[in-house]
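Every heavy atom of this structure was used, including side-chain atoms; hydrogens, water molecules and symmetry mates were not.
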Amino acid sequence: MKVLNFLLAVAIIAPSPAFAAELVAPKAEKTRLIKKAKAVANAEGETGAAAPLSPNASPVALPSFSGPSSATALSGPGLVCGPSEQKELEKLTSLNMIEIQRTAQKLLPVNVEREETSARYNALYEKQKLELSPLEYELKRLQLETNISEEKFKKEMAGLREERERLHLANDVARERFATDQVKAESEKLKLDAAMRDLEFRSRKLRADLDVEESKTVAIKADLELRAKKEAWRAETNRDPEYPLEPFRNGVLTVSDRRIALDGPIFYGVADVVTERIHYFNNKDEKLPIFIVIDNSPGGSVMEGYRIVKAMQASHAPVHVVVKSYAASMAAVIATLAPHSYTYPNSVVLQHQIRSFVGGNLTQQKEQLEILQQWYKRLADPVAKKVGYSLDSWTKEMYKHSSDGDWQEFGDEAVRLKWIDHVVHEIRETGFVKDPTDIKDDDKARSRFVLAESNDTQGHSYMRLPRLQPFDAYWIYNPDQYYR
């Protein structure tokens, strides 16, 4: 029993896998070992001492202790020992125990190393476990977030699926409605087609009637156009104006449609009309004469008149001024300074000094007087030289013929005094090629010369002149203050 208890203790202390395998031996191996043990015991009996163990002796496999109990394992079926056999067995067991102790001593460092390795492995395992614990926590958190996201996504998808189903239903309803509307539309279209065919039939009938009426209308229009053309032909002279290079021959002056009317007072804007037409006729033809026809003009602005004089003098085409009734003051200056001038024998031409009303203090009046003197010198001096006077003698001569300085003469006398170049007894206006009664506005420029007539508180008629430009003055014949 002691031997069995010792073997059990050793097996518990160092149960190596190889040793455990050897302990589990078949029954034949056990029988062989018993026979060997008997042989050893017989040898010891003869010598009286135990045979020494060979260094190369292999450990003897013991019966397995993994059974129900040690006693049962040793005294199981097939194992019967007598006293001598028991003794031999004990010796053999002792030898085996020695060998087992030696083997245990040899395996002790390996077992220690194994324990240390196991301890280090456990420590490393725990360390890795500690290091991986945050990652495992993060992994679990991410898994939870993923699960939450998946649930949210599923929820959203459920809503979208529901919305999709609703839209499908709405589309189906709309499709059915559209189909119904289309059927109605087709029905309406058929009705409209029928109505259109009816209308087209009526339209064709109306067009046929209109064609008949139109043929009648065309005939009437053709007749009316023929009448209008005849009337237009009768309203015109149906001949071109005459453009002689020498318009004055044998006492007859031939005026073409290159004429400019200069009637009424000369105020702001009149120079634009006259000079623009002078430039236009020059651009059209520089050889044919231009005519400025003065029917009745009392004169007017010195600035406007001066521009007209300069335009006449700069014109390449010859400018001819014609006085038919009356030319006074600035209008007389224009006629006298014209390159060519004509007058009826009984027309009137009037020359006088500049007249003006000045206001303000004495210094201002003196300044205005100096401006008027300059204007008079610049415009009257060329007139005086043309008629053969100095400016002073020309002024004195005016007052010799009239106490108020208004020297007026009939046309034939004005020609003798060299105010006008020629007396004309016949003026042929070849430029009037249309019936004047049919012309509502035969001369747009004429409307710019017309001022509105008014009555003052005393009942006297007058015409208000526009405001003068700076440093301008009216050189106008105005004895009854009609122009104000």
Worksheet item: Any chance CD of Glu150 has more than 12 other-residue heavy atoms, nucleotides or ligands included, within less than 6.0 Å?
Response: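 It does: Glu150 CD has more than 12 such atoms within range.
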Worksheet item: How many angstroms lie between CD in Glu165 and CZ in Arg161, if you round to the nearest 0.5 Å?
Response: 10.0 Å
Worksheet item: If you measure from the Lys or Arg side-chain nitrogens to the Asp or Glu carboxylate oxygens, is any gap between Asp381 and Lys385 under 4.0 Å?
Response: yes
Worksheet item: So, do Pro109 and Glu113 sit near enough that their side-chain heavy atoms are less than 4.5 Å apart?
Response: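 They are not in side-chain contact.
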Worksheet item: With a cut-off of 6.0 Å (strictly less than), are more than 12 heavy atoms of other residues, nucleotides or ligands near NZ of Lys386?
Response: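 Yes, because the 6.0 Å sphere around NZ of Lys386 holds more than 12 heavy atoms from other groups.
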Practice prompt. Take Glu116 and Arg120 through the side chain to side chain contact (heavy atoms under 4.5 Å, CB included) test and state the conclusion after the steps.
Written response: CA-CA 6 Å; Glu116 291 177 354; Arg120 285 195 299 272; 3.8 Å; yes
Worksheet item: Between Ser149 (side chain) and Glu145 (backbone), is there a donor-acceptor pair under 3.5 Å?
Response: yes
Fill in: Within-4.5 Å side-chain heavy-atom neighbours: Ile371 and Glu367
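With C-beta onward as the side chain, the pair stays apart.
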Worksheet item: Would you say the side chain of Ile266 lies within less than 4.5 Å of the side chain of Ile334, judging by non-hydrogen atoms?
Response: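 A side-chain contact exists here, since the closest heavy-atom pair is under 4.5 Å.
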Worksheet entry | Basic-acidic side-chain contact under 4.0 Å: Lys400, Glu397 |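 Answer for the salt bridge query: yes.
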Worksheet item: Which of these passes side chain to side chain contact (heavy atoms under 4.5 Å, CB included) with Ser301: Tyr474, Trp475, Tyr268?
Response: Tyr474
Practice prompt. State, to 0.1 Å, how close Ile260 and Val274 come at their nearest heavy-atom pair, and which atoms those are.
Written response: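 Result for this residue pair: CD1-O, 3.7 Å.
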Worksheet item: How many angstroms lie between OG1 in Thr336 and CD in Gln351, if you round to the nearest 0.5 Å?
Response: 4.5 Å
Discussion item. I need the minimum non-hydrogen distance between Glu409 and Glu413, along with the two atoms involved.
Written reply: OE1-CG, 3.2 Å
Item to complete: For residues Ile427 and Val293, determine if any side-chain heavy atom of one lies less than 4.5 Å from a side-chain heavy atom of the other.
Response: no
Worksheet item: What's the spacing between Arg378 CZ and Tyr306 OH if we round to 0.5 Å?
Response: 7.5 Å
Worksheet item: Can you check whether Glu162's main-chain N or O pairs, donor with acceptor, with Arg166's side chain at less than 3.5 Å?
Response: no
Worksheet entry | Which atom of Trp419 lies closest to which atom of Val387, heavy atoms considered | CD1-CG1, 3.4 Å
Worksheet item: Is Asp285 salt-bridged to Arg258, cutoff N-O under 4.0 Å?
Response: no
Fill in: Pairwise side-chain contact, Gln469 with Glu304, heavy-atom cut-off 4.5 Å (strictly under)
yes
Fill in: Close side-chain approach of Leu108 and Val110, heavy atoms under 4.5 Å
no
Fill in: Minimum heavy-atom distance between Val319 and Pro339, given as atom pair plus value
O-CD, 3.8 Å
Practice prompt. Verify the neighbour count for atom NE2 of His316: are there more than 12 heavy atoms of other residues, nucleotides or ligands below 6.0 Å?
Written response: no
Practice prompt. Could you tell me whether a side-chain N or O of Ser187 sits under 3.5 Å from a main-chain N or O of Val183, the two making a donor and an acceptor?
Written response: no
Worksheet item: Is any side-chain N of the basic residue among Lys205 and Asp209 closer than 4.0 Å to the acidic one's carboxylate O?
Response: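 The answer is yes: the pair qualifies as a salt bridge.
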Worksheet entry | Donor-acceptor pair, side chain of Asp456 and main chain of Gln458, under 3.5 angstrom |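 Such a contact is found between Asp456 side chain and Gln458 backbone.
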Item to complete: Considering non-hydrogen atoms only, spot the tightest contact between Asp412 and Val423 and give its length.
Response: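 Looking at all heavy atoms of both residues, the shortest contact is CA-CG2, 3.6 Å.
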Worksheet item: Which atoms form the tightest heavy-atom contact between Ser297 and Leu262, and what is the distance?
Response: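 Between these two residues, the closest heavy atoms are CB-O, 4.2 Å.
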Worksheet item: Can Ser203 and Arg207 be counted as having a side-chain donor-acceptor contact under 3.5 angstrom?
Response: yes
Item to complete: Report the distance from atom OG1 of Thr117 to atom CD of Glu115, rounding to the nearest 0.5 Å.
Response: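 Answer rounded to 0.5 Å: 9.0 Å.
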Practice prompt. Output yes when a side-chain donor or acceptor of Thr146 lies under 3.5 Å from a complementary backbone atom of Leu142, and no otherwise.
Written response: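 Indeed, once roles are kept as given, a pair shorter than 3.5 Å links the two residues.
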Worksheet item: For the atom pair CD1 (Ile290) and NE2 (His340), what is the distance rounded to the nearest 0.5 Å?
Response: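 The CD1 atom of Ile290 sits 11.0 Å away from the NE2 atom of His340.
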Discussion item. I'd like to know if Asp198 pairs up with Arg202 as an ion pair, taking the criterion as any Lys NZ or Arg NE/NH1/NH2 lying under 4.0 Å from an Asp or Glu carboxylate oxygen.
Written reply: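 Looking at Arg202 together with Asp198, the answer is yes, because their closest N to O distance falls below 4.0 Å.
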Worksheet item: Between Thr254 and Tyr243, is a side chain to side chain contact (heavy atoms under 4.5 Å, CB included) present by the stated rule, with each step listed?
Response: CA-CA 8 Å; Thr254 302; Tyr243 302 99; over 6 Å; no
Discussion item. Could you check whether Glu138 pairs with Arg141 (Lys NZ or Arg NE/NH1/NH2 to Asp/Glu carboxylate O, under 4.0 Å)?
Written reply: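 Yes, Glu138 and Arg141 are salt-bridged.
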Fill in: Side-chain donor-acceptor pair present, Tyr399, Gln353, cut-off under 3.5 Å
yes
Worksheet item: Are Tyr482 and Ser461 side-chain neighbours, meaning at least one heavy-atom pair lies under 4.5 Å?
Response: yes
Worksheet item: So do the side chains of Phe410 and Ser347 get within less than 4.5 Å of each other, counting heavy atoms only?
Response: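 Side chain of Phe410 against side chain of Ser347, heavy atoms only: no contact under 4.5 Å found.
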Practice prompt. Ignoring hydrogens and angles, tell me if any N or O in the side chain of Asn282 forms a donor-acceptor pair with the backbone of Ser315 under 3.5 Å.
Written response: no
Discussion item. For Trp407 and Tyr389, take the angle between the two ring planes, folded into 0 to 90°, and tell me which bin it lands in: parallel under 30, tilted 30 to 60, perpendicular over 60.
Written reply: perpendicular
Practice prompt. Step by step, work out the side chain to side chain contact (heavy atoms under 4.5 Å, CB included) result for Phe248 and Asp421.
Written response: CA-CA 11 Å; Phe248 182 65; Asp421 295 336; over 6 Å; no
Discussion item. Distance alone, cut at 3.5 Å: any donor-acceptor contact between the side chains of Asn296 and Ser325?
Written reply: no
Worksheet item: Between atom CD1 of Ile420 and atom OG of Ser341, what is the distance when rounded to the nearest 0.5 Å?
Response: 4.0 Å
Worksheet item: Between Arg259 and Glu429, is there a salt bridge with N-O shorter than 4.0 Å?
Response: yes
Worksheet entry | N/O donor-acceptor pair under 3.5 Å between Asp295 side chain and Asp263 backbone |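 Between the backbone of Asp263 and the side chain of Asp295 there is no qualifying donor-acceptor contact (under 3.5 Å).
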Discussion item. Between Glu200 and Arg204, does any NZ, NE, NH1 or NH2 come within less than 4.0 Å of an OD or OE carboxylate oxygen?
Written reply: yes
Discussion item. Could you go through Asp272 and Arg307, starting from their C-alpha distance and side-chain angles, then the distance that decides it, and tell me whether this counts as side chain to side chain contact (heavy atoms under 4.5 Å, CB included)?
Written reply: CA-CA 9 Å; Asp272 290 337; Arg307 286 179 57 194; 2.8 Å; yes
Worksheet item: So, the side chain of Ser256 versus the backbone of Gly431: is there a donor-acceptor pair under 3.5 Å, distance only?
Response: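 Checked: no pair found.
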Worksheet item: Is it true that the side chains of Tyr477 and His352 contain a donor and an acceptor less than 3.5 Å apart?
Response: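 No pair is found: no donor N or O on one side chain lies under 3.5 Å from an acceptor on the other.
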